[in-house]
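Position 1 is the first residue of the sequence, and the numbers go up from there.
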Amino acid sequence: MKVFSNDCTFDYSWEEVSTANWRKYCPWNDKSTHVIAVDTLSRSVDATTGILRTERLITCKQSAPKWLNSLMGGNETSHVYEISYVDPASKKVTMVSSNMTFSNILNVQETVVYKPASATQTRFEQQAKITALCGGWQKIKNAVEEASVTRFSENAKTGREGFEAVLEMSRRVFSEEKKKEQNIQSGQKMVA
């Protein structure tokens with residue numbers, strides 16, 4: 001098993017990040033073109049804790065190295081199952097995902113956490129545990145795990161750039177909508 005870890009701080013509040021997280025794979029993010037679809041399977045709020053629990057299926061066009069792709073059957077579409085928890089009381093978003101495609105050959109368990117670093121910044125922590133299950137050849141297992149860790153590292157940089165674009169656009173759009181709402185309310189007060 002190999003472990004990939006990554007962390008960074010976004011210069012956006014937890015409220016902004018936790019809201020924009022649902023738009024991570026939208027047209028505003030030109031870095032996530034590999035994501036074909038995001039389907040929400042279920043969503044519920046715990047009446048006692050207020051925690052929002054969401055299950056999603058993410059369909060991607062994978063970009064694995066050719067040798068690894070051929071080892072895994074040559075299929076270019078993969079599926080990831082994600083469960084997320086948004087806890088408004090502790091201001092924490094936790095997302096746990098695992099690969100469904102080729103899970104009998106390669107098991108990837110990823111955990112992402114967003115939590116406030118300050119009133120205007122959010123801490124991002126990512127960890128992926130990658131285990132190759134492909135037979136008894138340790139050299140092949142190591143090569144598959146190393147290639148996967150390398151891919152995670154490359155994708156982490158791209159993912160951050162894409163999410164920064166989503167955060168920037170979200171801030172702009174919400175600001176414009178807030179101004180429109182204030183103008184409408186000001187107009188209503190003048191009429192009254």
Side-chain angles (χ1 to χ4, degrees), residues 1-40 52-65 68-69 76-88 90-101 106-131 144-176:
M1 177 179 71
K2 300 279 191 255
V3 176
F4 170 78
S5 294
N6 180 37
D7 58 75
C8 67
T9 301
F10 291 105
D11 289 327
Y12 295 85
S13 69
W14 180 84
E15 290 79 7
E16 289 174 294
V17 171
S18 62
T19 301
N21 181 56
W22 302 111
R23 293 180 184 85
K24 191 184 295 188
Y25 305 117
C26 74
W28 296 344
N29 185 348
D30 64 353
K31 305 288 185 181
S32 68
T33 56
H34 66 290
V35 177
I36 299 168
V38 178
D39 297 300
T40 300
L52 170 66
R53 181 184 187 277
T54 305
E55 294 180 55
R56 302 192 304 175
L57 178 66
I58 302 169
T59 305
C60 304
K61 181 179 179 189
Q62 61 185 357
S63 57
L68 184 56
N69 201 17
E76 290 189 2
T77 303
S78 63
H79 301 283
V80 175
Y81 175 71
E82 175 192 87
I83 302 175
S84 64
Y85 304 90
V86 180
D87 185 343
S90 67
K91 291 190 173 186
K92 184 177 176 182
V93 175
T94 305
M95 299 169 9
V96 180
S97 61
S98 58
N99 63 307
M100 295 177 68
T101 307
L106 182 69
N107 183 274
V108 180
Q109 300 290 320
E110 179 186 21
T111 302
V112 169
V113 175
Y114 294 102
K115 56 188 176 185
S118 70
T120 60
Q121 293 183 317
T122 302
R123 190 83 184 138
F124 166 83
E125 298 168 354
Q126 175 186 35
Q127 183 180 69
K129 295 178 182 176
I130 301 164
T131 307
V144 169
E145 290 173 356
E146 286 296 331
S148 299
V149 167
T150 298
R151 181 65 66 187
F152 250 91
S153 180
E154 292 166 357
N155 289 346
K157 182 178 182 284
T158 305
R160 180 186 170 138
E161 291 169 1
F163 193 42
E164 285 276 3
V166 171
L167 286 163
E168 183 181 324
M169 182 62 81
S170 293
R171 181 178 276 176
R172 189 175 330 139
V173 168
F174 283 124
S175 176
E176 289 169 5

Less than 4.0 angstrom from a charged side-chain N to a carboxylate O is my criterion; do [X] and [Y] meet it?
{"X": "Arg171", "Y": "Glu168", "value": "no"}
{"X": "Arg160", "Y": "Glu164", "value": "yes"}
{"X": "Lys129", "Y": "Glu110", "value": "no"}

For residues [X] and [Y], report the shortest heavy-atom separation together with the two atoms involved.
{"X": "Val166", "Y": "Ala20", "answer": "CG1-O, 3.8 Å"}
{"X": "Ala156", "Y": "Phe4", "answer": "CB-CZ, 3.8 Å"}
{"X": "Ile130", "Y": "Leu106", "answer": "CG2-CD1, 3.7 Å"}

Tell me, do [X] and [Y] make a side-chain contact under 4.5 Å, heavy atoms counted?
{"X": "Glu82", "Y": "Val96", "result": "no"}
{"X": "Tyr85", "Y": "Thr54", "result": "no"}
{"X": "Thr150", "Y": "Glu154", "result": "yes"}
{"X": "Glu55", "Y": "Thr40", "result": "no"}
{"X": "Val86", "Y": "Trp22", "result": "yes"}

Spacing of [atom1] belonging to [X] relative to [atom2] belonging to [Y], to within rounding of 0.5 Å:
{"X": "Trp14", "Y": "Lys115", "atom1": "CH2", "atom2": "NZ", "result": "13.0 Å"}
{"X": "Met100", "Y": "Ile58", "atom1": "CE", "atom2": "CD1", "result": "11.5 Å"}
{"X": "Thr77", "Y": "Ile36", "atom1": "OG1", "atom2": "CD1", "result": "4.5 Å"}
{"X": "Lys24", "Y": "Ser170", "atom1": "NZ", "atom2": "OG", "result": "12.0 Å"}
{"X": "His34", "Y": "Thr59", "atom1": "NE2", "atom2": "OG1", "result": "11.0 Å"}
{"X": "Ser98", "Y": "Asn107", "atom1": "OG", "atom2": "CG", "result": "7.0 Å"}

Return yes if some donor-acceptor pair links the side-chain N/O of [X] with the main-chain N/O of [Y] below 3.5 Å, else return no.
{"X": "Thr94", "Y": "Val113", "value": "no"}
{"X": "Thr101", "Y": "His79", "value": "yes"}
{"X": "Ser18", "Y": "Glu15", "value": "yes"}
{"X": "Ser32", "Y": "Val35", "value": "no"}

Exercise. Hey, does the Lys NZ or Arg CZ of Arg23 hover above the aromatic six-ring of Phe163, less than 6.0 Å from the centre and inside 45° of the axis?
Worked result: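 Judged by the rule (NZ or CZ under 6.0 Å from the ring centre, within 45° of its axis), Arg23 is not positioned above Phe163.
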
Problem set entry | Pair listing, salt bridge (charged side-chain N to carboxylate O under 4.0 Å, His left out) test, anchored in residues 28-37, at least two apart |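 Salt bridge (charged side-chain N to carboxylate O under 4.0 Å, His left out) check on residues 28-37 returns Lys31-Glu161.
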
For this session: Step by step, work out the side chain to side chain contact (heavy atoms under 4.5 Å, CB included) result for Asp11 and Thr120.
Result: CA-CA 6 Å; Asp11 289 327; Thr120 60; over 6 Å; no

For this session: I would like to know whether Asp39 and Arg56 meet side chain to side chain contact (heavy atoms under 4.5 Å, CB included); could you show each step before the answer?
Result: CA-CA 5 Å; Asp39 297 300; Arg56 302 192 304 175; over 6 Å; no

Exercise. Residues in side chain to side chain contact (heavy atoms under 4.5 Å, CB included) with Ser90, at least two apart?
Worked result: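 Applying side chain to side chain contact (heavy atoms under 4.5 Å, CB included) to Ser90 gives Asp87, Lys92.
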
For this session: Would you please name every residue forming a side chain to side chain contact (heavy atoms under 4.5 Å, CB included) with Thr9, sequence neighbours left out?
Result: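 Thr9 satisfies side chain to side chain contact (heavy atoms under 4.5 Å, CB included) with Ala117, Gln121, Arg123 once adjacent residues are dropped.
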
Exercise. Side chain to side chain contact (heavy atoms under 4.5 Å, CB included) between Glu146 and Lys2: does it pass, once the steps are laid out?
Worked result: CA-CA 7 Å; Glu146 286 296 331; Lys2 300 279 191 255; 2.7 Å; yes

For this session: Output, in order, the C-alpha distance, side-chain angles, deciding distance and verdict of side chain to side chain contact (heavy atoms under 4.5 Å, CB included) for Gln127 and Phe152.
Result: CA-CA 10 Å; Gln127 183 180 69; Phe152 250 91; over 6 Å; no

For this session: Test side chain to side chain donor-acceptor pair (under 3.5 Å) on Ser13 and Glu16 and set out the steps.
Result: CA-CA 5 Å; Ser13 69; Glu16 289 174 294; 3.3 Å; yes

